[in-house]
Amino acid sequence: MGRLVVTEFVTLDGVAQAPGEPDEDRAGGFTHGGWQAPLVDHETGEAMFAQASSMDALLLGRRTYEIFAGYWPTAPAEIPFTGLLNRVPKYVASRTLNEPLDWANSTLLGGDLADAVAELTDRHDALHVIGSLDLVQSLLRLRVVDRLHLWLYPLTLGAGKRLFADGTMPAAFRLTESVGHPNGTLQLTYEAAGRPTYGNLAA
């Protein structure tokens, strides 16, 4: 069985909304879009691609799919992600989109999300999710996330959609990699480790 791997770009106060550009997602009156861009450099870009290069399929929510589909099909070929993202099979979890989808190699998921993810991880070795915050919340509730790639950036925004929002299920994770980059970004990898355990420090 394959693994479900989630990659998210997060501020110190947990905001993961619209990292890439100002108009990426203004929901809720968000005015900080593009906060990640000044902190992406050659070193972190290479590390991101190294992580992503293991994917053999991509699972996206509707909003992230539309953002990606509007850029990557015609993105410059010299960007390493261009060939990767255009090549791999893409699956979209949406109740509002209809097939055929515009981006090549894209398929709309139907039916129960848990069943669909189980089928995809049977079919693929590394099913990656990027962004797609609403979808990630559902995947965390279903406890089907095997690995988290978190990129933690040295800034706070005070508002915006958070990765671990209200309704996040209690879960334990094991840190397997921690890399600090010169620009202050932390590259963190966590493996799912079941449920939290509890004790009593006063005992």
Side-chain angles (χ1 to χ4, degrees), residues 4-41 44-45 47-49 51-52 55 58-73 75 79 81 84-85 90-97 101-103 106 109 113 117 127-171 173 179-181 183-190 192:
L4 180 63
V5 179
V6 170
T7 298
E8 296 292 345
F9 309 113
V10 187
T11 66
L12 291 176
D13 56 341
V15 175
Q17 184 173 354
E21 60 183 42
D23 293 324
E24 183 177 322
D25 180 6
R26 291 191 177 271
F30 189 68
T31 59
H32 303 290
W35 55 264
Q36 179 196 24
L39 291 165
V40 175
D41 54 22
T44 56
M48 287 173 194
F49 182 72
Q51 279 189 345
M55 79 169 69
L58 183 61
L59 173 62
L60 299 170
R62 177 192 60 81
R63 184 183 295 275
T64 300
Y65 168 79
E66 290 178 337
I67 293 168
F68 281 19
Y71 177 76
W72 289 112
I79 299 175
F81 277 98
L84 174 65
L85 296 180
K90 292 161 284 285
Y91 302 95
V92 185
S94 171
R95 296 187 180 91
T96 57
L97 294 178
L101 298 176
D102 293 335
W103 194 6
S106 297
L109 289 184
L113 179 61
V117 168
L127 176 65
H128 282 225
V129 181
I130 302 173
S132 308
L133 290 177
D134 291 339
L135 172 61
V136 169
Q137 287 296 317
S138 297
L139 297 172
L140 289 169
R141 284 192 291 270
L142 291 171
R143 302 185 186 278
V144 294
V145 175
D146 297 301
R147 177 181 295 165
L148 287 172
H149 289 312
L150 299 186
W151 288 80
L152 186 64
Y153 289 85
L155 72 163
T156 58
L157 298 177
K161 298 176 185 176
R162 286 170 166 78
L163 172 58
F164 300 109
D166 292 344
T168 297
M169 298 294 290
F173 293 89
V179 179
H181 293 277
N183 65 4
T185 301
L186 288 179
Q187 174 188 344
L188 305 170
T189 298
Y190 292 92

Practice task
Given side chain to side chain donor-acceptor pair (under 3.5 Å), test Gln187 with His181 step by step and report yes or no.
Solution key: CA-CA 8 Å; Gln187 174 188 344; His181 293 277; 2.8 Å; yes
Exercise for the section: Using a 4.5 Å cut-off on heavy atoms from C-beta on, say whether the side chain of Leu155 contacts that of Asp13. Expected result: no
Handout entry: Min side-chain heavy-atom separation Leu84-Phe49 under 4.5 Å
Key = yes
Practice task
Check side chain to side chain donor-acceptor pair (under 3.5 Å) between Asp23 and all other residues, then give those that pass, not counting sequence neighbours.
Solution key: Arg26
Handout entry: Short side-chain to backbone donor-acceptor contact, Thr168 and Ala165, under 3.5 Å
Key = yes
Problem - Heavy-atom side-chain contact between Arg62 and Thr96 under 4.5 Å - result: yes
Fill in the blank from the handout: Nearest heavy-atom contact between Ala93 and Leu135 is CB-CD1, 3.9 Å
Practice task
Please collect all side-chain hydrogen bond (donor to acceptor under 3.5 Å, both in side chains) contacts where either partner lies in residues 151-163, sequence neighbours excluded, each pair once.
Solution key: Asp25-Lys161, Gln36-Tyr153, Gln51-Trp151
Exercise for the section: Say whether, by atom type as modelled, one donor and one acceptor occur between the side chain of Asn183 and the main chain of Leu39 under 3.5 angstrom. Expected result: yes
Practice task
Measure the shortest side-chain to side-chain distance between Phe9 and Met48 over non-hydrogen atoms and say whether it is less than 4.5 angstrom.
Solution key: yes
Exercise for the section: Measure across Ala52 and Phe81 and return the closest heavy-atom pair with its distance rounded to 0.1 Å. Expected result: CB-CE2, 3.5 Å
Exercise for the section: Would you indicate whether the side-chain heavy atoms of Leu113 and Leu139 approach each other to under 4.5 Å? Expected result: yes
Practice task
State, yes or no, whether a side-chain contact exists between His149 and Glu8 at a heavy-atom distance under 4.5 Å.
Solution key: no
Problem - Geometric class of the Trp103/Phe68 ring pair [parallel <30°, tilted 30-60°, perpendicular >60°] - result: perpendicular
Completion exercise
Nearest heavy-atom approach of Val15 to Ala159 is CG2-O, 3.4 Å
Practice task
Can you measure from CG (Asp102) to CG (Leu97) and round to the nearest 0.5 angstrom?
Solution key: 9.5 Å
Practice task
Report yes or no: does Ser132 contribute a side-chain atom to a donor-acceptor pair with the main-chain N or O of Ile130 at less than 3.5 Å?
Solution key: yes
Problem - Candidate pair Leu152 and Thr185, rule side chain to side chain contact (heavy atoms under 4.5 Å, CB included), full reasoning - result: CA-CA 6 Å; Leu152 186 64; Thr185 301; 6.0 Å; no
Handout entry: Verdict with reasoning, Leu186 to Val179, per side chain to side chain contact (heavy atoms under 4.5 Å, CB included)
Key = CA-CA 6 Å; Leu186 288 179; Val179 179; over 6 Å; no
Exercise for the section: Give the minimum heavy-atom separation between Phe30 and Ala18, together with the two atoms involved. Expected result: CE2-CB, 3.8 Å
Problem - Interatomic distance, His128 atom NE2 to Leu60 atom CG [nearest 0.5 angstrom] - result: 12.0 Å
Problem - Pairwise distance CZ(Arg63) to CG(Leu133) - rounded to 0.5 angstrom - result: 10.0 Å
Exercise for the section: Applying side chain to side chain donor-acceptor pair (under 3.5 Å), name anything that partners Ser106, two or more places apart in sequence or on another chain. Expected result: none
Problem - Side-chain donor/acceptor of Gln17 to backbone N/O of Ala27, under 3.5 Å - result: yes
Handout entry: Non-hydrogen side-chain atoms of Val117 and Leu142 separated by less than 4.5 Å
Key = no
Problem - Closest contact, heavy atoms only, Pro19 versus Glu24 - result: CD-OE2, 3.3 Å
Problem - Distance in Å, Glu66 CD paired with Ser94 OG, rounded so as to fall on 0.5 Å steps - result: 7.5 Å
Exercise for the section: Kindly give the heavy-atom pair with the smallest separation between Lys90 and Leu85, and that separation in Å. Expected result: NZ-O, 2.8 Å
Practice task
Start with the C-alpha gap between Arg147 and Thr189, add the side-chain angles, then the distance that decides, and say whether side chain to side chain contact (heavy atoms under 4.5 Å, CB included) holds.
Solution key: CA-CA 7 Å; Arg147 177 181 295 165; Thr189 298; 3.8 Å; yes
Practice task
Check whether any side-chain heavy atom of Val136 sits under 4.5 Å from a side-chain heavy atom of Val129, and report yes or no.
Solution key: yes
Completion exercise
Here the gap from Leu58 atom CG to Leu127 atom CG, rounded to the nearest 0.5 Å, amounts to 8.0 Å
